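The block underneath contains the structure these notes are about, expressed in structure tokens.
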Amino acid sequence: MNAMEFSRDIHRNHSGLKKEINMIQLWKIICSVASEPRKLYEMPKCSKSEKIEDALLWECPVGEILPNPSDYKSSLIALTAHNWLFRISATTGKVLEKIYLASYCKFRYLSWDTPQEVIAVKSAQNKCSALARQAGIQQPILLYLAVFHVLPFSLIGILEISKKIFGNVTDATLSHGILIVMYSSGLVRLYSFQAIIEQFMQQKLDLGCACRWGGTAGTVGEAPFGIPCNIKITDSPPLLFEVSSLENAFQIGGHPWHYIITPNKKKQKGVFHICALKDNSLAKNGIQEMECCSLESDWIYFHPDASGRIIHVGPNQVKVLKLNEVENNSAQHQISEDFVILANREKNKNENLLTVTASGRVVKKKFNLLDDDPEQETFKIVDYEDELDLLSVVAVTQIDAEGKAHLDFHCNEYGTLLKSIPLEESWDVTYSHEVYFDRDLVLHIEQKPSRVFSCYVYQMVCDPGEEETTNRSCEKE
């Protein structure tokens, strides 16, 4: 099972995803197996009220028999500003399925509960106006979560998160069948979504079927009736787990299950504790802190390859950590290094600062550069390509006024560098960048000021002369 990550970073990433949604027309023009880009189709223009708010890419499962021929190709699951949920063919742009969600809230975010199987559609948070607060009026429902199986769409239910049951919640989401509720204090609470369904579902609803709800009749999933909220929690559900962490950052993964948190104090930022889920005990060497002085924080997460390993990324190194049993004590586990990827830098590089005193004497003083100083090679993006089993690392160096980047591919098992690809375009460190690597395609999306986007596409081709060398190099040194 893939690791689960529950963090406010997830929700901040929605803004980045919306940048990509704004480029859907461009993506559909460039995505082609041809050696040169060709236009596949162009999505029709729409009004602001019909624009796509968020989207997920669904890919056909291998070895399954599907109801329609079109289901064997990738689809875009899209949420629009006027509360419609669409499944759109990624190859033709044709709408394959559509659902009207509801009129009683504004749905805004999409995420996978179970990747490629179950989606969660989250509403914007209901907030009281200033006048309502002055009048003492409380907003009882904080947000809604609509949950569906995909292909074809089938409704699991719509859940309300109420202040009466959960208190002053700042956010909530679903992941791997777990309802995660977050609070401003840093507290994170976990509940079983299946247990909530069994205990609090008022009525099972089926898309496309007639329904009477609250004195109103209509067809479930069609406008204007939509989908009623059919999971209303009336009592505190059984609590599975709770923990306090800085900025609600909380992840679960590893074999056996462990979790990663940052102690809930600002001075602990950049310090990560790896603990056993079963008894909250700290793993041996379970406090991970990268000794670096940088403007941007390092980050850590469970490896998405389901190996149970951990990736810790800093400005000048990528550590891949493994979780092992302590010798002579199978009940405790320890953290050790599997391999480390280092940036290509000059050792102990210092700069001389010249100061002229009042008497005219020149004084030289040495100072250390920041670990993420633009003039030094700095790691910006680390990703994993599951089909090729490769780690991809984007490293950037500022040369004079221009930044240059290269994409490195490393053996996922041993960390050996297999290939380095220089990116032809300049890399401005003040802009927002995303790099996507999927099989033989590399996409670099850059956002400049005033919402100006650039998309650079690279397609890799096999060089028979290098293939044998690459196969031999992916072994432990």
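Values in this document were obtained by computation on a predicted structure and should not be read as measured data. Only this structure's heavy atoms are used, side chains among them; waters, hydrogens and symmetry mates stay out.
N83 contributes a side-chain N or O that, together with a main-chain N or O of C105, makes up a donor-acceptor pair within less than 3.5 Å. Using a distance-only test at 3.5 Å, with no hydrogens or angles considered, a donor-acceptor pair links the side chain of N248 to the main chain of L187. A side-chain donor-acceptor contact under 3.5 Å links Y104 to the backbone of C229. A donor-acceptor distance shorter than 3.5 angstrom exists from the side chain of S245 to the backbone of A249, with no hydrogens or angles considered. Of the possible polar contacts, one joining the H255 side chain to the A306 backbone as a donor-acceptor pair under 3.5 Å is found. Listed for the S192 side chain is a donor-acceptor partner under 3.5 Å among the backbone atoms of A195. Put simply, the side chain of D113 gets close to the backbone of H176: a donor and an acceptor are under 3.5 Å apart. At least one donor-acceptor pair under 3.5 Å links the side chain of E97 to the backbone N or O of F153. Using modelled atom types, one side-chain atom of H433 and one backbone atom of D428 make a donor-acceptor pair closer than 3.5 Å. A distance-only check finds no donor-acceptor pair linking the side chain of S281 to the backbone of A276 [under 3.5 Å].
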Tell me, with the steps shown, if V121 and L79 meet side-chain contact (heavy atoms from CB on, under 4.5 Å).
-> CA-CA 8 Å; V121 191; L79 173 66; 3.9 Å; yes

Test I77 against W112 for side-chain contact (heavy atoms from CB on, under 4.5 Å), laying out the working first.
-> CA-CA 11 Å; I77 299 174; W112 290 110; 4.0 Å; yes

Pair S162-I141, side-chain contact (heavy atoms from CB on, under 4.5 Å): steps then yes or no = CA-CA 4 Å; S162 69; I141 308 303; 3.9 Å; yes

Please assess D171 against Y183 for the test side chain to side chain donor-acceptor pair (under 3.5 Å), listing each intermediate value before the final yes or no.
-> CA-CA 7 Å; D171 206 353; Y183 300 82; over 6 Å; no

Might you work through the side-chain contact (heavy atoms from CB on, under 4.5 Å) test for Q288 and D298, ending with a clear yes or no?
-> CA-CA 11 Å; Q288 293 293 314; D298 52 317; over 6 Å; no

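A distance of 8.5 Å separates CD1 of I300 from OG1 of T262, quoted to the nearest 0.5 Å. Of the inter-residue distances, the one linking T80 atom OG1 with I52 atom CD1 reads 8.0 Å to the nearest 0.5 angstrom. We find the CD-CD distance between Q398 and E377 to be 13.5 Å, quoted to the nearest 0.5 Å. Atoms CD1 and CH2, from I88 and W58 in turn, are 14.5 Å apart once rounded to the nearest 0.5 Å. Interatomic distance, OH of Y191 versus CD of E242, reported as 7.5 Å (0.5 Å rounding). Atoms CD and OH, from Q251 and Y301 in turn, are 10.0 Å apart once rounded to the nearest 0.5 Å.
When side chains are defined from C-beta on, V147 does not count as touching L159, because their heavy atoms never get closer than 4.5 Å. Two residues are said to be in side-chain contact when any heavy atoms from C-beta on lie closer than 4.5 Å; Q376 and N316 fail this criterion. In this structure the side chain of K448 reaches within 4.5 angstrom of the side chain of E446, judged on heavy atoms. In this structure, the side chains of V396 and T378 stay at 4.5 Å or more apart for every pair of heavy atoms. Side-chain contact check for L190 versus I180: some heavy-atom pair is nearer than 4.5 Å. At a threshold of 4.5 Å between non-hydrogen side-chain atoms, the residues I196 and I231 count as touching. Residues M201 and N230 are in side-chain contact: their nearest non-hydrogen atoms beyond the backbone lie under 4.5 Å apart.
Residue-environment remark: NZ (K284) stays at or below the threshold of 12 foreign heavy atoms within 6.0 Å. Within 6.0 Å of the NZ atom in K98, the count of heavy atoms belonging to other residues, nucleotides or ligands does not exceed 12. Counted within 6.0 Å of CG on D279, heavy atoms from surrounding residues, nucleotides or ligands total more than 12; the atom is thus considered enclosed. Within 6.0 Å of the CD atom in E327, the count of heavy atoms belonging to other residues, nucleotides or ligands does not exceed 12.
You'll find the ring centres of F241 and F250 inside the 6.0 Å limit. The aromatic ring centres of F339 and H410 sit 6.0 Å or more apart.
Closest non-hydrogen pair, L239 versus R189, comes out as CD1-CB, 3.8 Å. When all heavy atoms are compared, the tightest approach of I311 to P304 is CD1-CD, 4.5 Å. Of all heavy-atom pairs spanning I165 and D235, the tightest one is CD1-N, 3.7 Å.
We find that K122 and D54 are not joined by a salt bridge, their nearest charged nitrogen and carboxylate oxygen being 4.0 Å or further apart.
Ring geometry for H82 against W84 counts as tilted: the plane angle lies between 30° and 60°, on a 0 to 90° scale.
At a cut-off of 3.5 Å, with distance as the only test, no side-chain donor of Y414 or D338 sits close to an acceptor on the other residue. Side-chain contact, Y436 with D383: no donor N or O sits under 3.5 Å from an acceptor N or O.
Partner V394 forms a side chain to side chain contact (heavy atoms under 4.5 Å, CB included) with one of F437, W427, F379 and no other, that one being W427.
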